[in-house]
Amino acid sequence: MSSVPTNVPSVAPDVGPDVTPDAARDRGAGRGRRRELQAAPKSARTKAEARLGWWLAGPAFVIMVAVIFYPVLQALWDSLFSYRLTAPDEREFIGLQNYATILTDGVFWSALGVTALITVITVFVELILGFILAMVMHKAIKSTRGLVRTVILVPYGIITVVSAFAWYYMFSIDSGYVNNWLSWVPGFDDQLNWFAQGGTALFVIMFSEIWKTTPFISLLLLAGLAQVPEDLSEAAAVDGANWWQRLWRVILPNMKAAIMVAVLFRALDAFRVFDSIFIMTNGAYGTEVLSLLAYRTSIGRLEIGLGSAISVVLFLLVGLIALIAVKGFNVDLAGGRGGRK
Amino acid sequence: MSTSTEALTPDEVEGQKRARRARRNTTIGWWVITIVIAVWCLFPVASILSTSFKTPGELANGRFFPDNPSFVNYEEILVGDSRELFLSALRNSIGIAVIATLIAVVLATLCAYAIARLNFPGKKAVLTVSLMVSMFPVISLVTPLFNMWRTLGLYDTWPGLIIPYLSLTLPISIWTLAAFFQQIPWELEQAAQVDGATPLQAFRKVIVPLAAPGVFTTAIIAFFIAWNDFVYGISLTSTEAARPVPAALAFFTGASQFESPTGAISAAAIIVTIPVVLLVMLFQKQIVAGLTSGAVKG
Amino acid sequence: MLASAALLLAGCGPADDTPVLTWYTNPDDGGQAELAQQCTEQAGGAYRIETSVLPNDAASQREQLTRRLAAGDTSMDIMSLDPPFIPELAEPGFLALPPQDVVEATTQDTLEGALAGATWKDTLVAVPFWANTQLLWYRKSVAEEAGLDMDKPVTWDQLIEVARDQGKDLGVQGARAESMTVWLNALVESAGGQILENPEAPADQVQTGLDTDAGRKAAEIVSTIGQEGLGGPGLATQQENEAMLLFQGDNGSFMVNWPFVWPATNAAVEDGVLPEDLPEDIGWTLYPRVSEDTEPAPPLGGINLGVGAASEHQDLAWDAIQCIVSPEHQTQYFVTNGNPPASASAFDDPSVREQFPMAPAIRDSLDLAVPRPQTPYYNEVSTAIQQRFTPPVDVDPATTPAQTGRFIQEVLRGESLL
């Protein structure tokens with residue numbers, strides 16, 4: 001699921017003419033922007049470069065646009081119909097009726113609530129654990145560094161479905177052993193069926209999600225950590241700041257961009273959670289999330305219209321989160337950039 | 001040397017000893033931390049490994065370890081009834097993930113090269129679009145893709161999965177490679193040309209060795225992503241013709257359709273985890289560098 | 001990587017022009033693949049059957065088949081169909097109708113229940129292959145101690161009382177899965193009701209029969225077992241397999257389940273996982289009834305074989321189906337895979353009695369078995385029931401049936417999400 005580029009903070013600010021070798025060459029003649037003004041009547045060379053640029057970047061761009069945008073338009077269109085795959089003749093235009101059905105239904109709101117809960121809790125815990133892991137990787141002595149990095153990559157690389165099965169079998173009342181291991185805990189019922197009620201089921205689901213994706217967030221934070229100027233921290237230490245003060249006054253502020261990006265991407269990723277829940281509970285007992293609802297409606301029930309509408313709502317929600325985050329994120333990006341130079 | 005030790009006051013000797021002890025304690029401390037992290041990261045894998053050695057009757061024994069470790073589950077999926085199901089899924093997974101990775105890396109290399117080295121209008125748009133694509137809720141694409149693939153005849157075929165996998169692998173490949181390429185000292189290429197090399201020689205001898213590690217790392221990361229997919233795998237396939245491993249795990253069955261295939265799933269899970277563990281062990285440095293590229297030099 | 005290259009190569013065999021029939025099978029112990037091979041040999045080059053396995057739960061099987069059929073897939077030659085999902089496929093014309101001679105040849109002595117499951121709007125739309133039903137399995141020691149005469153009809157209230165008195169667990173299926181609908185349908189039907197009053201009606205006119213005395217009585221049984229913890233600690237996630245494990249354990253008493261439990265238990269005994277004397281303690285009889293004066297309505301399962309309307313080899317497919325469902329093959333399939341025949345004569349083979357001493361009980365049960373609601377909207381109906389009747393501990397006999405009925409109607413009218 002983590003189909004997210006992790007290196008955004010470092011790349012994004014570099015985008016633009018000022019880092020390309022061309023620009024470097026032209027630097028004597030002035031900064032990029034002035035150069036553009038000078039070259040107002042486009043030289044043949046600029047045109048050729050633009051053409052080459054699109055020839056090289058074009059195929060990737062076209063594929064991404066085709067795979068994403070065409071289906072989105074199709075989903076938008078389908079969402080306006082009452083359309084069931086097994087009754088194609090009864091297809092009927094019903095305007096926004098599907099959206100009204102979704103937004104007035106408690107099932108949707110509870111799925112949204114569960115999705116939001118999973119997102120908030122997992123991202124928060126992962127941020128803390130990920131930061132600790134990043135610190136360990138950053139500071140670790142030579143002899144253990146390789147080992148730490150290797151084991152951390154195992155959860156990152158493992159298939160989410162496999163991780164979900166591993167955790168499910170561990171806790172399952174039939175094939176699990178966790179209940180036996182915990183039976184000494186006072187007040188713990190060793191007949192507890194973890195997947196029979198929302199609270200405990202969500203606990204296991206979130207546990208497995210955290211296990212699987214903390215390495216990813218910690219690598220992002222490690223990237224941020226490496227950007228914190230060592231001398232600043234040392235200077236603060238000389239000035240008598242203790243470890244805690246240095247963390248809050250020097251390290252964290254300098255990692256703001258990395259943290260923001262980590263939170264944004266993990267939040268969007270967590271918001272799409274599907275695999276673990278599909279395997280462990282299939283949405284039973286208050287563990288229904290939006291992705292699962294969309295899946296069950298369009299793939300299970302073959303209600304293409306209603307399912308498309310849920311997909312569109314999910315898409316809009318993700319866009320909304322991204323938009324809100326990016327607003328704050330742009331500001332911080334500039335700040336982070338300033339700090340680095 | 002020895003004279004300098006003799007010249008030390010007892011206090012200084014004590015201080016040296018303390019420093020050495022402290023260093024040793026730090027080392028022990030780091031090892032403890034490392035072991036804690038290793039247990040945390042590897043425990044679920046160990047758990048499913050242990051489950052994969054349990055016979056059907058032992059599954060409910062309530063213990064971590066099997067009583068009589070047995071290979072029945074591995075026999076079941078490699079030579080037994082589930083053989084067709086598992087091996088064809090493995091074939092599909094490897095084939096589809098490798099092809100999707102190759103295409104993504106080739107296209108992303110071209111694209112990232114253009115981004116890193118050329119000025120062209122719409123450069124920002126390419127990056128923004130790939131960012132949007134990577135944030136996209138996969139599930140939203142499933143229904144329309146399913147309908148399109150039915151019409152185009154791509155449903156339940158390799159291309160039918162490779163194309164959507166590109167939407168997962170391309171964005172991260174473009175971003176990772178763009179970051180790598182921006183760190184390459186392209187001046188060297190000109191320097192080589194000044195020294196008399198042809199442009200092609202300069203590119204091959206100077207740039208390719210510098211860029212290759214980045215491309216390779218990107219390929220590993222892209223492979224992980226394609227290898228991990230589940231949603232497309234269950235939605236856009238329906239037979240052994242294209243069904244990948246994560247989707248196939250849901251198809252295992254016990255002796256009858258009512259019996260739980262816990263053991264077979266565990267064994268299959270272990271087999272598909274082996275490549276991941278191998279890649280991680282061999283290329284740990286490169287993967288970490290790739291995932292944190294642009295920030296952590298080297 | 002070498003291995004993968006070898007795998008890729010192995011995928012391409014030599015070409016020949018024998019028509020290939022694809023048979024989409026539900027997972028079993030290899031019996032359908034075996035039959036495919038035998039029938040291919042018998043055909044003498046007229047066709048070759050290749051099997052392609054479907055997912056292991058009924059709902060996912062339906063998902064795969066429906067999507068392929070809706071896509072007009074021409075490879076859907078033979079399909080193993082779970083009875084409740086047949087109307088959904090038959091209504092839009094996704095299934096080719098069996099020719100009259102095939103119908104006559106294959107249904108001469110088919111058991112009543114199995115025939116009903118293959119019929120939609122009074123037309124046979126698929127050929128019964130095997131028929132499944134649940135029995136009441138009991139631990140002889142427990143029944144004896146409770147003084148229960150198992151030769152006489154047994155009611156759910158009796159089972160509940162024994163479990164309560166002796167502190168034993170009942171093996172029932174309370175998970176949010178198809179098995180919940182199976183259970184509820186058997187309860188409602190035995191109480192003289194029906195989950196749907198008019199299952200053949202269009203979506204917006206379907207009337208539910210849950211808000212009735214029968215529905216409330218069924219809910220009361222589910223709810224009592226749930227609230228008093230009589231279904232074991234895992235009830236809320238318990239399907240057929242888990243129920244069997246519970247029944248095999250020290251707390252086992254009674255269980256409703258399919259016949260697969262018999263070979264499975266014997267296999268576990270052979271592996272040394274279960275005590276050797278366990279099979280001797282296991283008895284079986286007809287499914288329990290809701291009250292003494294009603295008939296039991298055992299669940300009906302099994303597989304019928306259908307042919308896709310878009311198949312390019314329909315005639316060959318029907319030929320192949322006639323071969324597959326021959327009584328000898330049904331017997332063979334029962335003996336090797338534990339799935340009971342749909343044909344009455346297939347029960348007569350002596351090898352059947354040897355492997356399955358409960359075969360006569362299965363046959364009797366199949367005569368009484370009642371299908372689940374036969375509606376093109378079965379998936380919605382069943383999912384709605386599963387959502388409202390699980391976990392069993394939350395079922396309220398006074399309100400749950402009425403709420404579920406309303407919920408089903410709202411979902412069918414497109415007013416509610418599932």
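Chain A forms the most heavy-atom pairs under 4.5 Å with one residue out of B:Ile35, B:Val245, B:Ile103, B:Leu170, and that residue is B:Leu170. With respect to chain B, the highest number of heavy-atom pairs below 4.5 Å among A:Met137, A:Arg145, A:Lys139 belongs to A:Lys139. Across B:Ile234, B:Ile221, B:Ile220, B:Val106, the residue that shares the most heavy-atom pairs under 4.5 angstrom with chain A is B:Ile234. Of the listed residues (A:Ala294, A:Gly146, A:Ala322), the greatest number of heavy-atom pairs within a distance under 4.5 Å of chain B belongs to A:Gly146. Of the residues considered (B:Leu42, B:Val277, B:Leu145, B:Thr262), B:Thr262 shows the highest number of contacts with chain A, using heavy-atom pairs under 4.5 Å. Of the residues considered (B:Val142, B:Val126, B:Leu279), B:Val126 shows the highest number of contacts with chain A, using heavy-atom pairs under 4.5 Å. Of the listed residues (A:Gly307, A:Pro215, A:Gly176, A:Ala140), the one with the most heavy-atom contacts under 4.5 Å to chain B is A:Ala140. Looking only at heavy-atom pairs under 4.5 Å with chain B, the residue among A:Ile304, A:Ile299, A:Leu292 that has the most is A:Ile304. Ranked by heavy-atom pairs under 4.5 Å with chain B, the first of A:Phe315, A:Tyr169, A:Phe165, A:Tyr70 is A:Tyr169. When each of A:Val154, A:Leu147, A:Val67, A:Leu153 is checked for heavy-atom pairs under 4.5 Å with chain B, A:Leu153 comes out on top.
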Between A:Ser143 and B:Trp30, does the side-chain contact (heavy atoms from CB on, under 4.5 Å) criterion hold? Intermediate values first, please.
CA-CA 9 Å; A:Ser143 50; B:Trp30 276 113; over 6 Å; no
Let me see the working for B:Arg150 and A:Leu85 under side-chain contact (heavy atoms from CB on, under 4.5 Å), right down to the final yes or no.
CA-CA 12 Å; B:Arg150 281 199 307 135; A:Leu85 203 59; 3.5 Å; yes
Please lay out, stage by stage, how A:Tyr156 and B:Val280 fare under the test side-chain contact (heavy atoms from CB on, under 4.5 Å).
CA-CA 9 Å; A:Tyr156 169 78; B:Val280 160; over 6 Å; no
List the steps and the verdict of side-chain contact (heavy atoms from CB on, under 4.5 Å) for A:Thr144 and B:Trp31.
CA-CA 7 Å; A:Thr144 66; B:Trp31 275 106; 3.4 Å; yes
Apply side chain to side chain donor-acceptor pair (under 3.5 Å) to residues A:Tyr177 and B:Ser47 and explain how you reach the verdict.
CA-CA 10 Å; A:Tyr177 47 82; B:Ser47 172; 2.6 Å; yes
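Taking CG of B:Leu118 as the reference point, atom CG of A:Leu56 lies at 6.5 Å (rounded to 0.5 Å). For the atom pair CG of A:Leu133 and SG of B:Cys41, the computed distance is 6.5 Å after rounding to the nearest 0.5 Å. Going from atom CG of B:Leu107 over to atom CE of A:Met64 covers 9.5 Å, rounded to the nearest 0.5 Å. Atom CD1 in A:Ile279 sits 7.5 Å away from atom CD1 in B:Ile265 (nearest 0.5 Å). Taking CG from B:Asn228 and CG from A:Asp275, the interatomic distance works out to 6.5 Å, rounded to the nearest 0.5 Å. To the nearest 0.5 Å, atoms CG (B:Leu249) and CD1 (A:Ile159) are separated by 7.0 Å.
Residue contact with chain B, scored on non-hydrogen atoms closer than 4.5 Å, involves the side chain of A:Trp167 exclusively. Of the atoms belonging to B:Met281, heavy atoms from both backbone and side chain fall under 4.5 Å from chain A. For A:Phe278, the part lying under 4.5 angstrom from a heavy atom of chain B is the side chain only. Residue B:Phe64 touches chain A through both its backbone and its side chain, counting heavy-atom pairs closer than 4.5 Å. Heavy atoms closer than 4.5 Å to chain A are found in the side chain of B:Phe224, but not in its backbone. Only the side chain of B:Ile174 comes within contact range of chain A, with at least one heavy atom under 4.5 Å from a heavy atom of that chain. In this structure, the portion of A:Asp174 lying under 4.5 Å from any heavy atom of chain B is its backbone and not its side chain. Using a 4.5 Å cut-off between heavy atoms, B:Leu166 touches chain A through its side chain atoms alone. Proximity to chain B is limited to the side chain of A:Phe69, based on heavy atoms less than 4.5 angstrom apart. Contacts of A:Leu73 with chain B are absent, with no heavy-atom separation under 4.5 Å from either backbone or side chain. Heavy atoms of A:Leu219 lying under 4.5 Å from chain B belong to its backbone as well as its side chain. Interface residue B:Thr27: backbone and side-chain heavy atoms are both found under 4.5 Å from chain A.
Using a 4.5 Å cut-off on side-chain heavy atoms (C-beta onward), B:Val288 and A:Leu222 make contact. Proximity of A:Trp77 to B:Pro144: side-chain heavy atoms (C-beta onward) are nowhere separated by under 4.5 Å.
Summarising the geometry of A:Ser291 relative to B:Ile139, their closest heavy-atom pair is O-CG1, 3.5 Å, with the distance given to 0.1 Å. Residue B:Pro137 comes nearest to A:Arg272 through the heavy atom pair CA-CD, 3.3 Å, listed as atom of the first residue, atom of the second, then distance. Counting all heavy atoms, side chain and backbone alike, A:Trp54 lies closest to B:Pro121 at NE1-O, 2.7 Å. Across all their heavy atoms, A:Gly53 and B:Ala114 have their closest contact at O-CB, 3.7 Å. Considering every non-hydrogen atom in both A:Val148 and B:Thr34, the closest pair reads CG2-CG2, 3.4 Å. Of all the heavy atoms in A:Ile68 and B:Ser167, the pair that sits closest is CD1-CB, 4.2 Å.
For the pair B:Trp40 (side chain) and A:Ile152 (backbone), a donor-acceptor distance under 3.5 Å is absent. Judged by distance alone, with hydrogens and angles left aside, the side-chain atoms of B:Gln284 form no donor-acceptor pair with the main-chain N or O of A:Arg149 at under 3.5 Å.
B:Phe43 and A:Trp181 have tilted rings, their planes meeting at an angle from 30° to 60° on a 0 to 90° scale.
Counted within 6.0 Å of CZ on B:Phe65, heavy atoms from surrounding residues, nucleotides or ligands total 12 or fewer; the atom is thus considered open.
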